[in-house]
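What follows is one structure encoded as structure tokens, with my remarks underneath.
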Amino acid sequence: MTAVDERRTPWRIHGMSVEGYRHRRQGRPCQDACAHTVTESVAVLAVADGAGSRPRSEEGSRLAVELATEHFARRAAAAPDRRDGKAVRELLRDAFHDVREVFLDRTGPDAADFATTLTVVVLARGWLGHLSLGDGFVVLRAGTEDGERQFHLLPQPAAASEYSNETVFLTSPDAARWVHTDCVSDQGVDGVLLSTDGLAQAALNRSAGGALSPNTSFAEAVFRSLDVPGPVTASAHDGLGTLLRSDRLTALNADDKTLLRAVLKARP
Amino acid sequence: MHSDHPPTLPAEYADIEFENNAQRLPLVLCLDISSSMAGQPIQTLNNALAEWTRELHDDVSLSYSVEVAVVTFGGQGVAAWRGPQLLAPGAPVSPFVPAHMFRPPQLAAAGVTLMTEALELSMNIVAARKAELRASGLQYYRPQICLVTDGLPTDATGHLTDSWHRLIPVLADEQGARRFRLYAIGVGGITDRGEQVLRSFAPKFNARLQGFPFRELLQMMSASANAEQKGAGDEVFEKIFSQFKTQRPAWES
């Protein structure tokens, strides 16, 4: 499996991680990371959030997304036409197992210092696979109702604790138990957005009962700016950075922020 | 708000609508305003509260996340304040105010030291606030309660009492279950016995400080709030606290 020219994938993919207000004030690096890769048959997108309390978590999040794009793409390329949900979820778990094994091997006895969450989406022909460990989240754009584009939050793993800043990491001993997987085989999906929890308050709304749903105005705006045909311009790139660093988003959450998005290029 | 961040959204994102659903961090200041605090100490406390409020307003990340409630024990017995406003006992109003809207009360020193009852009220308002936040679907960090006193617990007639013993198992359970972090700080001329009481309330986070360093104390609470937002481990809180105890600035951590 080798990565191919992005012009050959039906998806336009763009995103970034930016340091949050607190890290900026303390002169600390961004502990979020994101990466993507495209092959002949699939595109893989990954985001990770290094644990704020761990000394080398910025390396951990980078290593996690790098390994995830490589291993998920390899597993998926070997079975691109798999459509059965159960088989896809197995494939995702196998790829996760590969990633975790290499991650623990590379980080050695100090693995816990590299603690990070991981959220991965595999875009294949006819199916979309989603695997998440920790508090990252994924929003899909699919379908239209009364002329309005519809957005869907994929189910997330169960919360690990009463407090929102506590979660499960790739290095947690029982990580595999907390992994959540999904297979979506809706041909109408034409937009995918992955994020770490730094954007949870901006990108998601909560009902009184605590149920989460996409903030439609946020999803619309971040997909719309990537729907513009052709390569992503420098000014579009800077615009997203300015959004992610804005006071408006910082007031909601001062953590690092990551937004990785993909839209289907207009069909000819 | 002061920050290095762009205050406005780029034009292409200007139509995004945000709900105010920042994760909340309830913070209770449980303050001794009994008669022994009269004079310079209460003035120092009022000044420190005013200055801390300005700093909170200027902190982009804390100002929308921290929610401040003030509980006092002294002249009015045990009382909860919603910002500058003294709440009637049992008033169906939450004493918590978002930090960006918080204004400090003007405190006057008088009366007795109903420390046990004040801590019980603090725990009750934290539990009630958590329930409210859950009911409105808002997430929260582990709350912080900061007890500050220069004396020993008394009853309503001003006589020393052992009623505080009833709190010890309750506080141990609550802290063990990570329902909140309790800081118990002795100031002024607090005695050895007073210090023992604080140690039994908050075995990890207790201190006996010279004078009335309320500024540093409130800055330490902000530093802890920051650490909480960051998801820091217990060792970070202990480090912040030990630096504070040696009266080095908390923000050095």
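Since the model is a prediction, treat every value here as computed from it, not as a measurement. Here is how names work: the chains are called A, B, and so on, in the same order as the sequence lines, proteins then strands, and each is numbered from 1.
Contact count against chain B (heavy-atom pairs under 4.5 Å) is highest for A:Leu240 among A:Leu240, A:Leu204, A:Asn253.
Aromatic ring orientation, B:Phe205 versus B:Phe241: perpendicular (interplanar angle above 60°, classes split at 30° and 60°).
For B:Phe212, the ring-ring contact (aromatic ring centres under 6.0 Å, His included) partners two or more places apart in sequence, or in a different chain, are B:Phe214. In terms of the ring-ring contact (aromatic ring centres under 6.0 Å, His included) criterion, A:His23 has no residue partners (sequence neighbours excluded).
Crowding of B:Arg103 atom CZ: a count of heavy atoms from other residues, nucleotides or ligands under 6.0 Å not exceeding 12.
For A:Asn215, the part lying under 4.5 angstrom from a heavy atom of chain B is the side chain only. With a 4.5 angstrom heavy-atom cutoff, A:Arg54 does not touch chain B via any of its atoms.
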